[in-house]
2 protein chains.
Amino acid sequence: MSKVEAVTNPSREELLGIIDSALSKEAMLTIFARCKVHYDGRAKSELGSGDRVILVKPDGAFLIHQSKKREPVNWQPPGSFVTVEERDGIIVLRSVRRKPKEILEVELEEVYLASLFKAEDYEELALTGSEAEMAEMIFKNPELIEPGFRPLFREKSIGHGIVDILGRDREGNLVVLELKRRRADLHAVSQLKRYVEALRAEHPAVRGILVAPSLTSGAKKLLEKEGLEFRRVQPPKRESVTKGRQTTLF
Amino acid sequence: MSKVEAVTNPSREELLGIIDSALSKEAMLTIFARCKVHYDGRAKSELGSGDRVILVKPDGAFLIHQSKKREPVNWQPPGSFVTVEERDGIIVLRSVRRKPKEILEVELEEVYLASLFKAEDYEELALTGSEAEMAEMIFKNPELIEPGFRPLFREKSIGHGIVDILGRDREGNLVVLELKRRRADLHAVSQLKRYVEALRAEHPAVRGILVAPSLTSGAKKLLEKEGLEFRRVQPPKRESVTKGRQTTLF
DNA sequence: AATTGGATCTCGACA
DNA sequence: TGTCGAGGTCCAATT
C-alpha cells in the first residue's frame with residue numbers, strides 16, 4: 001500500500017474506506033470537513049457547523065482545528081479510542097477516553113477531503129534552552145549564583161513541594177534556588193516562598209534565590225517584601241543538542 | 001475556485017503552486033512530508049528527517065505534528081509570517097515571529113501530499129464548566145460557601161495579585177476565595193496564601209477559602225498548616241451553553 | 001494511580 | 001505592551 005491515500009469529495013463508501021484503513025493501519029487520518037462537534041467530559045462544549053481540519057493520530061490523539069490559533073478548538077488526548085457510526089445518513093466520528101471519562105463526537109456534514117498518511121518517523125526532538133539545562137550549568141558553575149555557593153540536591157522533595165536546587169552558601173546557610181527559563185512572575189515567587197518557609201521549619205537560616213533571566217514588576221516587589229533574592233541567569237543554548245528529556249543530573 | 005485543492009506526490013511546480021495559493025488566498029495549507037525542522041527563539045531545537053503533517057493557518061499559526069501526542073513537535077504561534085525559499089533544490093518553509101524573535105524552518109525533503117483548504121467557519125466554541133461559571137454560581141448562591149457569606153468583588157486586584165472573589169462573612173471578616181475548576185494542588189494553596197497575606201497587611205481579620213471539587217494530599221496538608229479553609233464545590237455544567245468568554249460578571 | 005511542576009506553554013483580559 | 005492567571009491545559013518524572 002502507498003504511504004498516502006487522498007480522496008476529494010469522497011463518496012460515503014470512499015470516506016468509510018479511508019477512515020477504516022487509517023484506523024486499522026496505524027496511519028494518520030486527516031479530514032477536511034464541514035462538521036459539528038460535541039464534547040462532554042472534564043467540561044462540556046458545543047461547536048456549530050463550520051469548516052475544520054480533523055486529525056486523528058495512531059496513538060488516539062484527536063485534533064479539530066479551526067482556521068485560527070495554535071490550539072485545537074476541540075481534542076482528545078492520546079489513548080482515546082475512535083469509532084465510526086452513521087446517524088441519519090451522517091458519518092459520526094466518536095472518540096472515547098476512559099479515566100477521566102470524556103466523549104468527543106464529530107458529525108461530518110460534508111467532507112471535502114479524506115486522507116491517510118502512514119508516517120514513518122524515528123526521530124525525536126532535540127531541544128536546548130530548558131530549565132533542566134540551567135540547573136546543569138549551575139551545578140557545573142556554582143559561582144554563577146555567588147562565590148562559595150555549593151549545590152547539593154537537585155529536584156529535592158521537601159515538606160511542601162519539590163525544590164529545584166538545594167545547596168549551601170559560603171557561611172553554611174541553607175540556600176533554595178528556584179529556576180525559571182523565562183521571566184519570573186508572582187507564581188515563581190510564591191513557589192520559592194513556599195519552599196523557604198517549609199525548610200525554615202527545620203533549619204535555622206534559609207535563603208531563597210530566584211534564578212531567572214528577568215522578573216516581572218510584581219515579582220520584584222513581592223520578592224523584596226519577603227526578603228528573597230534574585231540572580232539574573234539566562235538559560236544556556238547548547239550547540240550540540242540532546243534528544244528527549246534529561247531530568248536527573250547524575 | 002474550489003474549496004479544496006490536493007495533489008499527491010506533487011512536482012516542484014505543483015507544490016509551489018499550492019503553497020503560494022494557500023498563503024495568498026487565506027487558506028489552510030496542509031502538507032504531508034518527510035522533513036527536517038530547525039527552530040530558534042525562546043529555546044532552540046533540531047528535528048531530524050521523518051514523516052510529519054504540517055499545517056499552516058491563515059492567521060500565521062504553524063504546526064508540525066508527528067504521529068504521536070496531542071502537541072505539535074514544533075510550531076509557531078499566530079501572527080508569524082511564512083515565506084518559501086529553495087535551497088539546493090529543496091523547498092524550505094520559513095516562519096518568522098517578531099517579538100520575541102523566533103524562526104522556524106522546515107526542509108521539505110519529500111512531499112507526499114500538498115493541499116489547501118479555504119475553510120469557512122463562523123462558529124465559535126460554547127463551553128461550560130469553567131471557573132468563571134463557578135464564580136457566577138457563587139455570586140448567585142453565596143450560601144454554597146457558608147451561611148451569611150456576602151461576595152463583594154470579582155477578579156479584584158490587590159497588592160500582590162488578583163483575587164477570584166473577595167467578600168465578607170457573617171461576622172464581617174474579610175474572606176478571600178480562590179476557585180479551581182478541578183482538584184486543587186499545592187500551587188493553588190500558595191496562591192491563596194499570597195492573597196491572604198497581602199490583605200492581612202491592611203485588614204485585621206482575613207480568612208482564606210479554597211473552593212474546588214477536591215484537594216490533593218499535599219494541598220490539604222499545607223492548607224491546614226496555614227490555617228486556611230476548604231469548601232467542596234463542583235463547577236456547574238449548564239444546559240444552554242454560552243459562546244466565547246464571560247469574565248466580567250456585571 | 002496520584003502528585004508535582006515545567007512548557008518555545010497558549011490565550012484572554014486588563015492596566 | 002507588560003502583567004496576571006486560567007486551561008477540558010499537556011506532559012514527564014517520581015512516589
Side-chain angles (χ1 to χ4, degrees), chain A residues 39-45 61 68-78 97 99-104 125 127-132 134-135 155 157 160-164 178-188 190-191 194 214-221 235 237 244-248, chain B residues 39-45 61 68-78 97 99-104 125 127-132 134-135 155 157 160-164 178-183 185-188 190-191 214-221 235 237 244-248:
Chain A
Y39 157 75
D40 198 355
R42 287 169 290 176
K44 187 173 195 282
S45 73
K68 289 175 183 170
K69 305 291 167 214
R70 202 211 74 144
E71 292 300 301
V73 62
N74 280 111
W75 71 91
Q76 204 69 293
R97 176 195 200 184
K99 217 16 174 56
K101 181 78 172 181
E102 298 194 287
I103 297 172
L104 181 70
L125 190 71
L127 185 135
T128 183
S130 63
E131 190 195 276
M134 281 180 77
E155 300 274 312
S157 180
H160 299 284
I162 303 162
V163 161
D164 276 342
E178 174 57 35
L179 313 185
K180 290 295 164 198
R181 67 168 305 287
R182 57 173 185 167
R183 178 176 265 247
D185 58 11
L186 282 176
H187 258 174
S190 287
Q191 211 180 328
R194 165 153 52 91
S214 62
L215 285 180
T216 65
S217 50
K220 183 163 186 288
K221 231 178 61 177
K237 283 186 190 173
R245 249 153 249 260
Q246 180 188 3
T247 287
T248 310
Chain B
Y39 157 74
D40 197 355
R42 288 168 290 177
K44 187 173 195 284
S45 73
K68 290 175 180 170
K69 304 289 168 217
R70 202 211 73 144
E71 292 300 302
V73 62
N74 281 111
W75 72 90
Q76 204 68 292
R97 178 194 199 185
K99 207 46 177 18
K101 182 78 172 182
E102 297 195 287
I103 297 173
L104 181 69
L125 190 71
L127 185 135
T128 183
S130 63
E131 190 195 275
M134 280 181 77
E155 301 274 312
S157 180
H160 299 284
I162 303 162
V163 162
D164 276 342
E178 174 56 36
L179 312 185
K180 290 294 164 200
R181 67 167 305 288
R182 58 174 186 170
R183 178 175 263 247
D185 57 12
L186 281 176
H187 194 167
S190 288
Q191 211 181 329
S214 63
L215 284 179
T216 65
S217 51
K220 185 164 185 288
K221 232 178 59 176
K237 283 186 191 173
R245 238 150 244 265
Q246 180 187 4
T247 286
T248 311

Let me know the distance between [atom1] of [X] and [atom2] of [N], rounded to the nearest Å.
{"X": "A:H187", "N": "C:dC9", "atom1": "NE2", "atom2": "C1'", "value": "14 Å"}
{"X": "A:E131", "N": "C:dT4", "atom1": "CD", "atom2": "C1'", "value": "13 Å"}
{"X": "A:R70", "N": "D:dC10", "atom1": "CZ", "atom2": "P", "value": "12 Å"}
{"X": "A:D185", "N": "C:dC9", "atom1": "CG", "atom2": "P", "value": "12 Å"}
{"X": "B:K44", "N": "C:dA7", "atom1": "NZ", "atom2": "P", "value": "18 Å"}
{"X": "B:I103", "N": "C:dT8", "atom1": "CD1", "atom2": "C1'", "value": "14 Å"}
{"X": "B:E155", "N": "D:dA6", "atom1": "CD", "atom2": "C1'", "value": "9 Å"}
{"X": "A:K180", "N": "C:dT8", "atom1": "NZ", "atom2": "C1'", "value": "15 Å"}

When rounded to the nearest Å, what value does the distance between [atom1] atoms of [N] and [M] take?
{"N": "D:dT9", "M": "D:dG5", "atom1": "C1'", "value": "13 Å"}
{"N": "D:dG7", "M": "D:dC11", "atom1": "C1'", "value": "14 Å"}
{"N": "C:dT4", "M": "C:dT8", "atom1": "P", "value": "23 Å"}

[N] phosphate, OP1 or OP2: any side-chain N/O from [X] under 4.0 angstrom?
{"X": "A:S157", "N": "D:dT15", "result": "no"}
{"X": "B:R182", "N": "D:dA6", "result": "no"}
{"X": "B:K99", "N": "D:dG2", "result": "yes"}
{"X": "A:Q191", "N": "C:dT4", "result": "no"}
{"X": "B:R42", "N": "C:dC9", "result": "yes"}
{"X": "A:T216", "N": "D:dC4", "result": "yes"}

So if I take every side-chain heavy atom of [X] and compare against [options], which nucleotide ends up nearest?
{"X": "B:K69", "options": "C:dC9, D:dG7, D:dC11", "value": "D:dC11"}
{"X": "A:E178", "options": "D:dG8, C:dG6, D:dA6", "value": "C:dG6"}
{"X": "A:E71", "options": "C:dC9, C:dC11, D:dA6", "value": "C:dC11"}
{"X": "B:L186", "options": "C:dT4, C:dT8, D:dG8", "value": "C:dT4"}

So [X], base contact, sugar-phosphate only, or nothing? Heavy-atom distance under 4.0 Å.
{"X": "B:P78", "value": "sugar-phosphate"}
{"X": "B:G129", "value": "nothing"}
{"X": "B:N74", "value": "base"}

Roughly how far apart are A:R181 CZ and A:M134 CE, rounded to 0.5 Å?
9.0 Å
Mind checking the CD-CG spacing from A:E155 to A:D164? Nearest 0.5 Å is all I need.
6.0 Å
With nearest nucleotides of DNA chain D determined for A:G218 and A:R97 from heavy-atom distances, which residue corresponds to the more 5′ nucleotide?
A:G218
Go nucleotide by nucleotide along DNA chain D from the 5' end; which of A:W75 and A:R183 gets its closest nucleotide reached first?
A:R183
Of A:K68 and B:L104, whose closest DNA chain C nucleotide lies nearer the 5' terminus?
B:L104
On DNA chain C, check which nucleotide each of B:V73 and A:R194 is closest to and give me the residue with the more 5' one.
A:R194
Side chain to side chain contact (heavy atoms under 4.5 Å, CB included) partners for B:K220, two or more places apart:
B:L215, B:E224
Would you say NZ of A:K68 has more than 12 non-hydrogen atoms from neighbouring residues, nucleotides or ligands within 6.0 angstrom?
no
Review item, side-chain donor-acceptor pairs of residues 71-78 of chain B, under 3.5 Å, at least two apart:
from  : atom 1 : to     : atom 2 : distance (Å)
B:E71 : OE1    : A:R70  : NH2    : 2.6
B:N74 : ND2    : B:S45  : OG     : 3.1
B:Q76 : NE2    : B:S95  : O      : 3.0
B:Q76 : NE2    : B:E102 : O      : 3.3

Side chain proximity check, A:Q191 to B:H187, heavy atoms < 4.5 angstrom:
no
Are any of the side-chain heavy atoms of A:K237 and B:D40 separated by less than 4.5 Å?
yes
Mark yes or no for a side-chain to base donor-acceptor pair under 3.5 Å between A:E102 and D:dG8, with no hydrogen or angle criteria applied.
yes
